[in-house]
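The structure appears below as structure tokens.
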Amino acid sequence: MQLVIASGKGGVGKSTVTASLLYLLKDEYRFVAVDADADAPNLDLLLGVERWEEERELIGAKVARINTESCIRCGICQERCPYDCIKVIDGDYVVSELTCEGCNVCGLVCPVPGTITLEEVRSGVVRKTTTRYGFPLISAQLDVGRPNSGKLVTEEKEWAKKLMGELGLGHMIVDSAAGIGCQVIASIGGADLTILVAEPTPASLSDVQRAYRVVQHFRQPAYLIINKADLNPGFTALREWAESEGIPILGEIPYDRAIPRSMSMLKPFVEAFPDSKAADAMREIAERVREEILR
């Protein structure tokens, strides 16, 4: 089974919930974890990862290069560049790799053929390790200013599928990025179901509704975990929305200072503070995941 944990909004505790769920399931199920937030991966931090066993570069982005020897310095490329990424440095026209989108407008308007070319560069890196808990983790890191974050996530999932076959793993648990962009679509696409994580605030409700529409597009079942459930006692719209959409609520986690403390310790909060209220709630959620989803 391929299970995705998504949120729509950042900062609602999706990755902390994921890390604790992985910890609670590790002894009963064989799985591979995927951190599908290539922009800002942090699941490895919450699991205390110290090194990566293997890394693979993804070459896919393109940037313009200007041959200073054949360049006649007419300045047309700089005038026409829609991203304002061509600057004059020491008399030469130079393309900024961080802002170039590889659109090739500069190459099309250059009066000297072959002076401006598009060259492939690295988009990012996909990496693998075995966590101290025994299960493998696949993660990715997008290079600054590069496109193809969705493709990085696809590469992660393909690697994870290969590991499932090689190691006889039964499940893939994906920690999606926030939002509804390319990374989230690549995470949810091809999965069996999605667990949404939200907090009881208007902003989180709005964003989780958008994430749910992505889940609906792929015609997947969805579940909901309410984190920081007692943060806004008078806000009932999140629960009412879930009930109106027929989305089962797996559980509610109270606000607990044990969670940020466990993050500073680089441990899942159910491991660092097993007697906390949040850990009790998380164990109940993990049991429902076992009974209603994985079995």
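FYI, the numbering just counts along the sequence from 1.
The distance from atom CG of Leu205 to atom CD of Glu240, rounded to the nearest 0.5 Å, is 10.0 Å. Note: Phe135 CZ to Tyr23 OH = 10.5 Å, rounded to the nearest 0.5 Å. In this structure, CD on Glu291 lies 5.0 Å from CD on Glu287, to the nearest 0.5 angstrom. With values rounded to the nearest 0.5 angstrom, Ile285 atom CD1 is found 9.0 Å from Arg288 atom CZ.
We find that Glu54 and Arg56 are joined by a salt bridge, their nearest charged nitrogen and carboxylate oxygen being less than 4.0 Å apart. The pair Lys151-Glu156 does not count as a salt bridge, with every side-chain nitrogen at least 4.0 angstrom from each carboxylate oxygen. Ion pairing of Arg239 with Glu252 is present here, as a side-chain N (NZ or NE/NH1/NH2) and a carboxylate O approach within less than 4.0 Å. Taking the charged nitrogens against the carboxylate oxygens, Asp280 and Lys277 have no contact shorter than 4.0 Å, which rules out a salt bridge. Residues Arg73 and Asp92 are paired through a salt bridge, judged by an N-O separation under 4.0 Å between the basic side chain and the carboxylate.
When side chains are defined from C-beta on, Asp35 does not count as touching Ile138, because their heavy atoms never get closer than 4.5 Å. Cys106 places a side-chain heavy atom less than 4.5 Å from the side chain of Ile86. By the 4.5 Å heavy-atom criterion applied to side chains, Val94 and Val88 are not counted as neighbours. Here the side chains of Leu22 and Phe31 are in contact, with some heavy-atom distance below 4.5 Å. Residues Asp175 and Val34 have side chains not in contact (no heavy-atom distance under 4.5 Å, counting atoms from C-beta outward). By the 4.5 Å heavy-atom criterion applied to side chains, Gln183 and Leu152 are not counted as neighbours.
Side-chain atoms of Asp192 and Gln220 form no donor-acceptor pair, as typed in the model, at a separation below 3.5 Å. No donor-acceptor contact under 3.5 angstrom links the side chains of Asp44 and Ser139, judged on distance only. Side-chain polar atoms of Tyr133 and Glu271 form a donor-acceptor pair below 3.5 angstrom. No side-chain donor-acceptor contact under 3.5 Å links Asn67 and Thr115. Defined by atom type and a distance below 3.5 Å, a donor-acceptor pair is missing between the side-chain atoms of Gln78 and Lys87.
Tested against Val17 for a side-chain contact (heavy atoms from CB on, under 4.5 Å), the candidates Val12, Ile253, Ile195 yield a single pass: Ile253.
Every residue meeting the side chain to side chain donor-acceptor pair (under 3.5 Å) condition with Glu53, not counting sequence neighbours, appears here in chain and number order: Lys128, Thr130.
In the hydrophobic clustering (ILVMFWY side chains linked at under 4.5 Å, chained through shared members), Phe273 is joined by Met265.
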Which is it for Arg65 and Glu97 under the salt bridge (charged side-chain N to carboxylate O under 4.0 Å, His left out) test, yes or no, and what are the steps along the way?
-> CA-CA 9 Å; Arg65 305 282 192 195; Glu97 291 191 5; 2.2 Å; yes
Glu28 and Arg290: CA distance, side-chain angles, deciding distance, salt bridge (charged side-chain N to carboxylate O under 4.0 Å, His left out) verdict | CA-CA 9 Å; Glu28 188 173 352; Arg290 292 186 185 97; 2.8 Å; yes
Are Arg127 and Glu57 close enough, and set up right, to give a salt bridge (charged side-chain N to carboxylate O under 4.0 Å, His left out), and what steps lead you there?
-> CA-CA 9 Å; Arg127 51 202 182 183; Glu57 291 185 339; over 6 Å; no
Would you check, one step at a time, whether the test salt bridge (charged side-chain N to carboxylate O under 4.0 Å, His left out) holds for Lys161 with Glu158?
-> CA-CA 5 Å; Lys161 289 177 184 176; Glu158 289 299 319; 3.7 Å; yes
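In this structure, the side chain of Thr129 does not engage the main chain of Thr131 through any donor-acceptor pair within 3.5 Å. The closest donor-acceptor contact from the side chain of Ser204 to the backbone of Glu199 lies under 3.5 Å. Formation of a donor-acceptor pair under 3.5 Å by the Asp256 side chain with backbone atoms of Ile259 is not found in this model. Here the side chain of Lys157 pairs a donor or acceptor atom with the backbone of Ala186 at under 3.5 angstrom.
Between Gly13 and Thr16, the shortest heavy-atom distance links the atoms O-OG1, 2.8 Å.
The ring-ring contact (aromatic ring centres under 6.0 Å, His included) pairs that include a residue from residues 158-209 are Tyr29-His171, where partners are two or more places apart or lie in different chains.
Residues Val270 and Leu43 fall within the same hydrophobic cluster, defined by Ile, Leu, Val, Met, Phe, Trp and Tyr side chains chained together at heavy-atom separations under 4.5 Å.
At most 12 heavy atoms of other shown residues, nucleotides or ligands fall within 6.0 angstrom of atom CD in Glu69. Annotation for Arg283: atom CZ counts as buried by contact number, over 12 foreign heavy atoms lying within 6.0 Å. The local environment of CZ in Arg295 is crowded, with over 12 non-hydrogen atoms from other residues, nucleotides or ligands closer than 6.0 Å.
Aromatic ring orientation, Trp241 versus Tyr212: perpendicular (interplanar angle above 60°, classes split at 30° and 60°).
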